[in-house]
Number of protein chains: 2
Amino acid sequence: MSTPPAPRTPAPAPGAPASDAPALGAPASDAPAPALRAPTLAQRKRQLVATELTETALQLFAHKGFEAVTVDEVATAAGVSKRTFFRYFASKEDVVVQFLAGMGADMRTALAARPAGERPSAALLHAVSVPLAACGDHPERTLPVVRLILGTPALLARFLEHEAGWREELAGELAGRLGLDPAGLYPPLAAGMALTAFETVLCRWSEDAGSGGGGGVDPLALIAEAFGVLAPALDAVRG
Amino acid sequence: MSTPPAPRTPAPAPGAPASDAPALGAPASDAPAPALRAPTLAQRKRQLVATELTETALQLFAHKGFEAVTVDEVATAAGVSKRTFFRYFASKEDVVVQFLAGMGADMRTALAARPAGERPSAALLHAVSVPLAACGDHPERTLPVVRLILGTPALLARFLEHEAGWREELAGELAGRLGLDPAGLYPPLAAGMALTAFETVLCRWSEDAGSGGGGGVDPLALIAEAFGVLAPALDAVRG
DNA sequence: CTGCGTGTGTCACTCGGTGTCAAACATGAC
DNA sequence: GTCATGTTTGACACCGAGTGACACACGCAG
């Protein structure tokens, strides 16, 4: 879609940099920014509340279902007021969906990091594999969230909205890589195909993985198989 | 996705058969059911209120923006109470999104109607072309709605949710046609690719079409072009 | 006329979400 | 130590979406 993701988070909060809550996407890479190693005490406090809120919410949602839990409940259980909850999250859905907020950015940077000459199918496969690898590596943390999202209409809707944003980013990056018109048909189409594969794999993984911690299937194997189907189309670039 | 679309419309209303409001999808085909030509007076009254509500809402939304219009406003302008509004539509979003409720069913039946031996790319192209043809034929009615949806986060989310449902339907139909396991990777992947193309085309069409009634580009030409990209992947079925 | 079913309006209520204000707190300057 | 500043928080009031309950009006069979 061409709709700008629309900063649904109008209040990333005064003092906070950007994303709170342990993002699910990249392994948080430790090396990139050796400078700026001083998370203000205030920032760390904020982070603390955010994670407390997130974990409390996820636990309650998993236990009683998303709709059956009120924001007041979550806030009180975490020891803050409802008003404060909304200073950390723009909406009730946000607590869950922000958990995978980094995925889009991760995909894009991964795509940007691929060698210039690489075939689109290979580059996109690697990009989309990053968050899936994170899922495969920590199923005990990611599986419940993914299942919650996929099983709750309201959350699914938000998730898909996010994906639409990712798609634009990927399409832009792809157009840049290949020197194509970003307004052409191929870039968004290719990005959409990659995300369709991503979604399909996520879905199948969340179904097949045993309810016990260790997932049953490897998401990386699934995504590779899916890209085996997509590749003929992805690599026949014409603009 | 494997999430059942979840009957967001818990109240199709006591006396109503199924869908109210003039669906956008198929040309409403006149021939199919020659019997049962007696829409109870009550039913026609209901239909009347539904269309009044829909048109009033669309007009207000287009004029002031979706979020800026309250349900009370719509209801009052249409001459009913807020409570009655919710007896016709499950949510505020529903008024807009139900406008294209038929699309999914149209696609599926169109796909089912294609000759058995046809290549998946051709069959899916025809399926997805049905609603797009409707858009191309009546841009003055469809363009504003499409633009409204694509430009409003809340509506976009709902739309994407609908699409997830369509995808499952198409995947099921496709699996049946090709004798594949519906739980395999190919069916949902192929359906997702077709819908990605659909979405991309819808998006580009809504941007390019002059704000005047007559659209600038032909959605059917666009979708054919998009399927030119997808075909190599769609027709390399392996299961 | 009476009973019945359906559709509607009114009222009251829950819950998500926001604006406002005042108190609590940390920080830095003097 | 104290005053001034800025940020975070809770409390309160408020809006809008959505629901449940009840009572009333209509069209229709007896």
Side-chain angles (χ1 to χ4, degrees), chain A residues 7-17 20 38-50 52-53 57 60-61 64-97 152-155 157-158, chain B residues 7-17 20 38-50 52-53 57 60-61 64-97 152-155 157-158:
Chain A
R8 173 167 315 290
T9 344
D20 296 333
T40 317
L41 191 134
Q43 286 177 336
R44 275 181 299 169
K45 263 174 57 179
R46 212 189 140 70
Q47 178 71 27
L48 201 76
V49 178
E52 176 68 24
L53 234 20
L60 283 174
F61 292 160
K64 305 175 53 177
F66 179 77
E67 341 255 22
V69 178
T70 72
V71 173
D72 245 323
E73 224 172 321
V74 176
T76 307
V80 298
S81 71
K82 177 183 126 184
R83 193 63 188 85
T84 293
F85 174 97
F86 284 109
R87 280 193 258 256
Y88 281 81
F89 302 98
S91 71
K92 193 179 157 190
E93 286 100 13
D94 239 39
V95 198
V96 184
V97 174
T152 308
L155 291 175
R158 293 286 183 211
Chain B
R8 175 167 315 286
T9 345
D20 296 333
T40 317
L41 190 135
Q43 285 177 336
R44 275 181 300 168
K45 262 172 59 180
R46 216 192 135 69
Q47 177 70 28
L48 202 75
V49 178
E52 178 67 25
L53 234 20
L60 284 174
F61 292 159
K64 305 175 53 178
F66 180 77
E67 341 257 20
V69 178
T70 72
V71 173
D72 245 323
E73 222 172 321
V74 175
T76 306
V80 298
S81 73
K82 178 182 126 185
R83 194 64 186 84
T84 293
F85 174 96
F86 284 109
R87 281 193 257 255
Y88 281 81
F89 302 98
S91 71
K92 193 179 157 191
E93 286 99 12
D94 239 40
V95 199
V96 184
V97 175
T152 308
L155 291 175
R158 292 287 183 209

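Atom set for the values below is all heavy atoms of this structure, side chains included, hydrogens, waters and symmetry mates excluded.
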Participant: From A:Phe61 CZ over to A:Leu155 CG, what is the distance, rounded to the nearest 0.5 angstrom?
Facilitator: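 The distance works out to 7.5 Å.
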Participant: Looking at side-chain heavy atoms only, is the closest gap between B:Glu52 and B:Tyr88 below 4.5 Å?
Facilitator: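 The answer is no, as the side chains (C-beta and beyond) never meet within the 4.5 Å cut-off.
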Participant: For the atom pair CZ (A:Arg87) and CZ (A:Arg46), what is the distance rounded to the nearest 0.5 Å?
Facilitator: 9.5 Å
Participant: Output all residues satisfying side chain to side chain donor-acceptor pair (under 3.5 Å) with A:Ser81, sequence neighbours left out; order by chain, then residue number.
Facilitator: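 A:Thr84.
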Participant: Pairs under 3.5 angstrom only: tabulate donor-acceptor contacts from the side chains of residues 66-74 of chain A to other protein residues two or more places apart or in another chain.
Facilitator:
from    : atom 1 : to      : atom 2 : distance (Å)
A:Thr70 : OG1    : A:Glu73 : N      : 3.1
A:Glu73 : OE1    : A:Thr70 : N      : 3.1
A:Glu73 : OE2    : A:Lys64 : NZ     : 2.5

Participant: How many whole angstroms separate atom CZ of B:Phe86 from atom P of C:dT8?
Facilitator: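 Taking CZ of B:Phe86 and P of C:dT8, I get 15 Å after rounding.
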Participant: Could you tell me how far apart B:Asp94 (CG) and D:dT19 (C1') are, to the nearest whole angstrom?
Facilitator: 16 Å
Participant: Show the nearest heavy-atom pair for residues A:Phe89 and A:Ala50, with the distance to one decimal.
Facilitator: CZ-O, 4.0 Å
Participant: Please report the distance, rounded to the nearest Å, between CZ in B:Arg158 and C1' in D:dG18.
Facilitator: 12 Å
Participant: Could you check how far CD of B:Glu73 sits from C1' of D:dA17, rounded to whole Å?
Facilitator: 14 Å
Participant: In whole angstroms, how far is the P atom of C:dG7 from the CG atom of B:Leu48?
Facilitator: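 B:Leu48 atom CG is separated from C:dG7 atom P by 15 Å.
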Participant: Nearest heavy-atom pair of B:Phe86 and B:Ser91: which atoms, and what distance?
Facilitator: CE2-CA, 4.2 Å
Participant: Could you tell me which non-hydrogen atom of B:Val95 sits nearest to which non-hydrogen atom of B:Leu53, and how far apart they are?
Facilitator: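 Shortest heavy-atom contact: CG1-O, 4.4 Å.
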Participant: Rounded to whole Å, please give me the gap between CG in B:Asp72 and C1' in C:dT8.
Facilitator: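 From B:Asp72 CG to C:dT8 C1': 15 Å.
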Participant: At what angle, to 10 degrees, do the two end axes of the helix from C:dC1-D:dG30 to C:dC30-D:dG1 meet, given five pairs define each axis?
Facilitator: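 One end's axis against the other's: 10°.
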Participant: Do any N or O atoms of the protein come closer than 3.5 Å to N or O atoms of nucleotides 9-16 of chain D, and which pairs are they?
Facilitator:
from   : atom 1 : to      : atom 2 : distance (Å)
D:dT9  : OP1    : A:Tyr88 : OH     : 2.9
D:dT9  : OP2    : A:Tyr88 : OH     : 3.3
D:dG10 : OP2    : A:Ser81 : N      : 3.2
D:dG10 : OP2    : A:Ser81 : OG     : 3.0
D:dG10 : OP2    : A:Thr84 : OG1    : 2.1
D:dG10 : N7     : A:Arg87 : NH2    : 2.5
D:dG10 : O6     : A:Arg87 : NH2    : 3.4

Participant: Rounded to whole Å, how long is the line connecting atom CZ of A:Phe89 with atom C1' of C:dC15?
Facilitator: 19 Å
